[in-house]
Amino acid sequence: MTSALIADLEWRGLIAQTTDMEALLEKLNEGSTKFYIGFDPTAPSLHLGNLVVLLVMRRFQLAGHKPIALVGGATGLVGDPSGRNEERSLNDLALVEHWVGRIRNQLSKFLDFDGGANAAVMTNNLDWTKPLTALEFLRDVGKHFSVNQMLSKDSVSSRLESGGISYTEFSYQVLQALDFLELYRRHDCKLQMGGSDQWGNIVAGLDLIRKVEGGAAHCLTIPLLMKSDGSKFGKTAGGSVWLDPDMTSPYAFYQFWLNSDDADIPRFLKVFSFKNRVEIESLIATHERNPGLREAHRSLARELTSLVHGDLECEAAERAAQALFGHGDLFELEERTLVAALSQLPRTTVAAGEPLPSWVDLLAATGVVDSKSAARRIVKEGGAYLNNEKVLEESFIPTPESLLFGRFLLLRKGKRDLATVEVLPE
RNA sequence: GGCGGGUUGCCCGAGCGGCCAAUGGGAGGGGACUGUAAAUCCCCCGGCUCUGCCUUCGAAGGUUCAAAUCCUUCACCCGCCA
């Protein structure tokens with residue numbers, strides 16, 4: 001069963017590097033294997049980049065292995081230099097603690113913590129890092145590290161060439177190595193996985209385990225996902241795509257997948273979908289036959305929105321998309337359908353007694369544009385629409401006839417950026 | 001500690017007393033074409049009470065009719081020397 005897991009991951013393009021594939025296969029074939037992946041609290045939520053790794057965790061658990069999810073309550077206070085060309089600014093203790101709680105909560109949705117023998121375990125590296133004194137750290141841990149080797153790590157050497165690195169971030173790899181050692185001791189955990197940028201940190205852990213415990217452990221890294229045009233995956237104009245529904249709405253999340261570049265779709269399906277190879281290949285074939293229909297986009301959007309936000313939210317997002325982008329007349333829609341669709345969008349409200357603000361003010365108020373200047377620009381360029389009709393006059397004030405069901409306006413910037421205005425009864 | 005170089009709008013990077021809201025590229029946005037793709041072409045890209053005004057060129061002062069451009073101090077970065 002296990003080599004089937006590895007074969008599947010390979011087919012999906014989810015394996016970047018392993019320390020020793022033969023030994024790893026052997027280990028996995030022995031039966032349920034404990035493994036860990038760490039997530040540092042650097043924001044109030046995980047994002048799509050984290051999701052790639054998190055779903056690999058899930059795949060391992062579904063294949064019978066036992067996940068240990070580690071939240072970096074300690075490492076998050078220090079800052080990982082990997083993949084960064086400048087020093088991170090330190091976050092406040094209380095803030096990081098708050099983020100730890102939120103991230104724990106998110107992780108718990110993707111893994112099974114209640115199941116049987118291979119139920120997932122949650123840990124926090126602050127548990128063993130906080131009690132450690134500076135002297136213990138230097139004598140018991142630091143002694144096993146050669147600065148020469150530490151300097152040769154990619155994460156450090158690249159920083160020596162760009163803006164330099166503080167002693168704090170330089171020490172990061174030691175903390176992460178210690179985590180692996182602790183989990184090896186406490187949980188007999190012999191496998192750590194992570195993004196391919198984590199290679200150096202993970203290997204530092206393997207070395208430490210060998211030196212201190214004389215033990216052998218394994219490492220598997222997952223490629224960092226890029227878009228086919230070479231840009232960073234998971235970013236939109238508005239920034240990162242978050243898993244938290246308050247930071248990226250389920251509707252926006254669904255739209256992210258639906259709007260993905262055609263060229264990325266086959267890879268995204270392999271990386272994110274839990275459908276099997278036959279199903280995925282058939283979707284890819286359908287997509288190639290008629291890309292305009294975006295069957296594969298829709299399938300992927302649906303699967304992931306359901307997974308991350310639940311079936312109900314997914315259906316709402318999907319119906320909203322149909323209602324708002326369907327080419328029918330908005331006034332013909334059923335009120336319930338329209339209200340549900342609009343509820344997915346960013347909105348602003350106006351009291352019924354108040355006169356409606358001008359076109360430019362409305363656009364700016366909903367946040368589809370950043371400022372009134374931007375609103376003027378967009379109107380002048382012919383990119384602003386009210387209820388799907390282009391409006392070119394900046395000072396235009398919507399009349400009551402424009403109100404859908406007497407209380408809504410649908411604003412659009414460009415092809416796909418929507419917002420709504422609701423007139424509230426007094 | 002000493003000497004030299006640097007800090008410009010989201011990013012890179014010109015400008016080196018008035019013609020500078022500041023050249024150019026990238027990212028981003030709008031339009032056209034398509035499919036709520038991509039590529040391509042055209043346009044835009046600090047803010048506002050918008051033919052004008054306000055705030056920006058590391059920070060704070062100063063010189064000048066006038067400063068991103070000159071002077072002083074401070075902070076940070078990067079070299080070389082100790």
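These values consider heavy atoms only, across backbone and side chains, with no hydrogens, waters or symmetry-generated copies.
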Please tabulate, one pair per line, all N/O donor-acceptor pairs under 3.5 Å involving side-chain atoms of residues 91-100 of chain A, not counting sequence neighbours.
| residue | atom | partner | partner atom | Å |
| --- | --- | --- | --- | --- |
| A:Asp92 | OD2 | A:Ala94 | N | 3.3 |

| task | Looking at every strand, decide which applies to A:Lys413 at a 4.0 Å heavy-atom threshold: base, sugar-phosphate, or nothing. | result | sugar-phosphate
Close N or O pairs between protein and nucleotides 40-45 of chain B (under 3.5 Å):
| residue | atom | partner | partner atom | Å |
| --- | --- | --- | --- | --- |
| B:C44 | O4' | A:Glu381 | OE2 | 3.1 |
| B:C44 | O2' | A:Glu381 | OE2 | 3.4 |

Every protein N/O lying under 3.5 Å from an N/O of nucleotides 6-13 of chain B:
none

| For A:Lys270, what residues pass the salt bridge (charged side-chain N to carboxylate O under 4.0 Å, His left out) criterion, not counting sequence neighbours? | none
| task | Taking the six-membered ring for Trp and the single ring otherwise, decide whether the centroids of A:Phe272 and A:Phe233 are under 6.0 Å apart. | result | yes
| said: Is the ring pair A:Phe170/A:Tyr167 parallel, tilted or perpendicular, if the boundaries are 30 and 60 degrees? | reply: tilted
| task | Report yes if a side-chain nitrogen or oxygen of A:Ser373 is closer than 4.0 Å to either non-bridging phosphate oxygen (OP1 or OP2) of B:C48; otherwise report no. | result | yes
| said: Between B:A39 and B:A32, how far apart are the two C1' atoms, rounded to whole Å? | reply: 14 Å
| message | Any base atoms under 4.0 Å from A:Gly383, or only sugar-phosphate, or nothing? Heavy atoms, all strands. | response | sugar-phosphate
| If we take the P atom in both B:U69 and B:C16, what is their distance in whole Å? | 13 Å
| task | Quick one: which residue pairs count as a ring-ring contact (aromatic ring centres under 6.0 Å, His included) with a foot in residues 357-411 of chain A, not counting sequence neighbours? | result | none
| Is the shortest side-chain N to carboxylate O distance from A:Asp244 to A:Arg102 below 4.0 Å? | yes
| field | Ion pair A:Asp361/A:Lys372, N-O distance below 4.0 Å | value | yes
| remark: Regarding the side chain of A:Ile378, the nearest nucleotide among B:G47, B:G31, B:G29 is B:G29
| field | Nucleotide-level pairing of RNA chain B, given in dot-bracket where Watson-Crick and G-U pairs need both distances under 3.5 Å and | marks other strands | value | ((((((((.[[[..)..(.....]]].(((((.......))))).(((...)))...[[[[[..)....]]]]]))))))).
| Taking only residues at least two apart or on different chains, which pairs with a member in residues 38-59 of chain A satisfy ring-ring contact (aromatic ring centres under 6.0 Å, His included)? | A:His47-A:Trp242
| said: Checking side-chain polar atoms at under 3.5 Å, does A:Glu303 have a donor or acceptor matched by the opposite partner on A:Ser273? | reply: yes
| RNA chain B contacts made by residues 414-422 of chain A, counting heavy atoms under 4.0 Å | A:Gly414, A:Lys415, A:Arg416
| query | Contact class for A:Ala321 (heavy atom, under 4.0 Å): base, sugar-phosphate, or nothing? | reply | base
| A:Glu354: what forms a side-chain hydrogen bond (donor to acceptor under 3.5 Å, both in side chains) with it, not counting sequence neighbours? | none
| Looking at RNA chain B, which of residues 244-258 of chain A put a heavy atom within less than 4.0 Å of it? | A:Gln255, A:Leu258
| task | Could you tell me which residues satisfy side-chain hydrogen bond (donor to acceptor under 3.5 Å, both in side chains) with A:Ser299, sequence neighbours excluded, listed by chain and number? | result | none
| query | Would the A:His65 and A:Phe35 ring centres measure less than 6.0 Å apart? | reply | no
| C1'-based separation of B:U55 from B:G9 [nearest Å] | 12 Å
| query | Could you state the CZ-P distance from A:Arg412 to B:U36, rounded to the nearest angstrom? | reply | 10 Å
| field | Pairwise side-chain contact, A:Pro44 with A:Met247, heavy-atom cut-off 4.5 Å (strictly under) | value | yes
| query | Reckon A:Asp261 touches a base, only the sugar-phosphate, or nothing at all at heavy-atom distances under 4.0 Å? | reply | sugar-phosphate
May I have the list of side-chain donor-acceptor pairs in residues 284-291 of chain A shorter than 3.5 Å, sequence neighbours left out?
| residue | atom | partner | partner atom | Å |
| --- | --- | --- | --- | --- |
| A:Thr286 | OG1 | A:Ser282 | O | 2.8 |
| A:Asn290 | OD1 | A:Gly292 | N | 3.3 |

| message | Between B:U63 and B:G13, how many Å separate the two P atoms, rounded to a whole number? | response | 34 Å
| request: Between B:C53 and B:G6, how far apart are the P atoms? Round to whole Å, please. | output: 35 Å
| request: With P as the reference atom in both, quote the distance from B:A67 to B:A59 in angstrom, rounded to an integer. | output: 16 Å
